[in-house]
Trainee: 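Input: one structure, supplied below.
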Amino acid sequence: MDSSLGYIGAAFAVVWVGISIYVFTLMQKEKTLRREIAALKEEMKGGAAPGR
Amino acid sequence: MRARVMLILSAVLVPAAVLMDFLLIPSDTGSPLMQHNPIFYMHIPAAWIALAAFFIVFVAGIAYLRKRTPFWDIVGTSAAELGVLFTTLFLLNGSIWSKMEWGTWWVWEARLTSSLVLWIIYVAYFLLRAYISDPDTRARYAAVFGIIGFVDVPIVILTLFVARKMHPGGVAFHLDQPVMIIALVTGVVAFTLLFLALLFFRIHLKEDELELGKLKQLREGE
C-alpha cells in the first residue's frame, strides 16, 4: 500500500509541478514583456518630446 | 478577464476533483478496474486536454490558411504549446501508473506509441517554427504542419478501442458508481477551465510579444 501511495503521489506531483512551472514561466514572461513595452513606450515618448 | 474568471473557477474545481479522487472513490489499487485508482481521474482529463489542444491547432491552421491573420497563428502556437505540455504530463503520469499496476514503465503497444508519436509531432512543430525566420512563411508552414499532424489524433483515439494490449480500453465509459462519474466529470471540467485560462493567457502574451516587436520596429525607424 505504501509503494502504491508513493506512485499515486508521484503521478499527481508530476502533473501539478509541471503545470505550476509552466504558469510560473508565463507569469515571469508577462512581467518581462510589460516592463519592456513600458520602457520602450516611455523611451519613444521621451524621444518625441520637444527639446530632446 | 475571461482568463482570470476561468482560472478562479478551475482553482476551485481542481482541488474539489483531487479531494473527490482521494476521499470518495473506493480505493482498490490492486483491482483490475482502473476506475478504482485515483491516477485515472488525473490521467483522463490530461489526455482529453492534450487532444483538444491539437484539435484547436488543426482548426487554427485551417483558419490561418483561409484568413492569413496573425491571430490564428497565435492561437495555433499557443494551443500547440499547451498540447505538448499536457501530452508530456499524461505520458509521464501514465508511465507511473503503468509501473504501479503492471510493473513496467513503458511498453511499445499501439496506444502508447501513437501517443508518443503525437508528442514528437508537436515538438517537431516547434522545431519547424524555430528554423523559419520569416513570420508569414513560418505561420503558413506551421499551419500546414498542424493540420497534417492532427492525423495522429484519431489514431490515438482509435487505439483505445482496437489493438489493445496492456493499456485499458474504453474504461471511462464503464464507470459503475455515480461518484466515479461525478469525479471524472469534475476533473474534466476543471482541466478544461484551466486549459482555457492558460490558452487565453498565452494568446494574450503572444499578442504582447507582437506589440513589442512592432514598437521595436517603430523605434528603429525613427
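Everything numeric in this text was worked out from a predicted model, so none of it was measured. Naming: A, B, ... by sequence-line order, numbering from 1 per chain.
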Trainee: Who pairs with B:Lys99 by salt bridge (Lys or Arg N to Asp or Glu O under 4.0 Å), at least two apart in sequence or on another chain?
Mentor: none

Trainee: Can you name the closest pair of heavy atoms from A:Arg34 and B:His204 and give their distance?
Mentor: NH2-NE2, 4.0 Å

Trainee: Around atom CZ of B:Phe55, are there more than 12 heavy atoms of other residues, nucleotides or ligands at under 6.0 Å?
Mentor: no

Trainee: For this output row, return yes or no: ring centroids of A:Trp16 and B:Phe191 closer than 6.0 angstrom.
Mentor: yes

Trainee: So how far is it from B:Lys214 NZ to A:Ile37 CD1, rounded to the nearest 0.5 Å?
Mentor: 11.5 Å

Trainee: When rounded to the nearest 0.5 angstrom, what is the spacing between OG1 in A:Thr32 and CG in B:Asp208?
Mentor: 11.5 Å

Trainee: Excluding sequence neighbours, so at least two apart, what forms salt bridge (Lys or Arg N to Asp or Glu O under 4.0 Å) with B:Arg138?
Mentor: none

Trainee: For B:Asn93 and A:Ala11, which heavy atoms make the closest approach, and how far apart are they?
Mentor: ND2-O, 3.3 Å

Trainee: Which one of B:Leu198, B:Leu194, B:Leu82, B:Leu89 has the most heavy-atom pairs closer than 4.5 Å to chain A?
Mentor: B:Leu89

Trainee: Side chains of A:Val15 and B:Phe86: does their closest heavy-atom pair fall under 4.5 Å?
Mentor: no

Trainee: Quick one, B:Glu209 and A:Glu36 - any side-chain contact, counting heavy atoms below 4.5 Å?
Mentor: no

Trainee: Does either side chain, that of A:Tyr7 or that of B:Glu101, offer a donor lying less than 3.5 Å from an acceptor on the other one?
Mentor: no

Trainee: If I take atom CE from residue A:Met44 and atom CG from residue B:Leu218, how far apart are they, to the nearest 0.5 angstrom?
Mentor: 4.0 Å

Trainee: Are A:Tyr22 and B:Arg202 close enough that some pair of their side-chain heavy atoms sits under 4.5 Å apart?
Mentor: yes

Trainee: So what's closer than 4.5 Å to chain B heavy atoms on A:Leu40: side chain, backbone, both or neither?
Mentor: side chain

Trainee: Please find the pair of heavy atoms, one from B:Leu205 and one from A:Leu26, that lie closest to each other, and give the distance.
Mentor: CD1-O, 3.5 Å

Trainee: Checking B:Leu85 against chain A: side chain, backbone, both or neither under 4.5 Å from a heavy atom?
Mentor: side chain

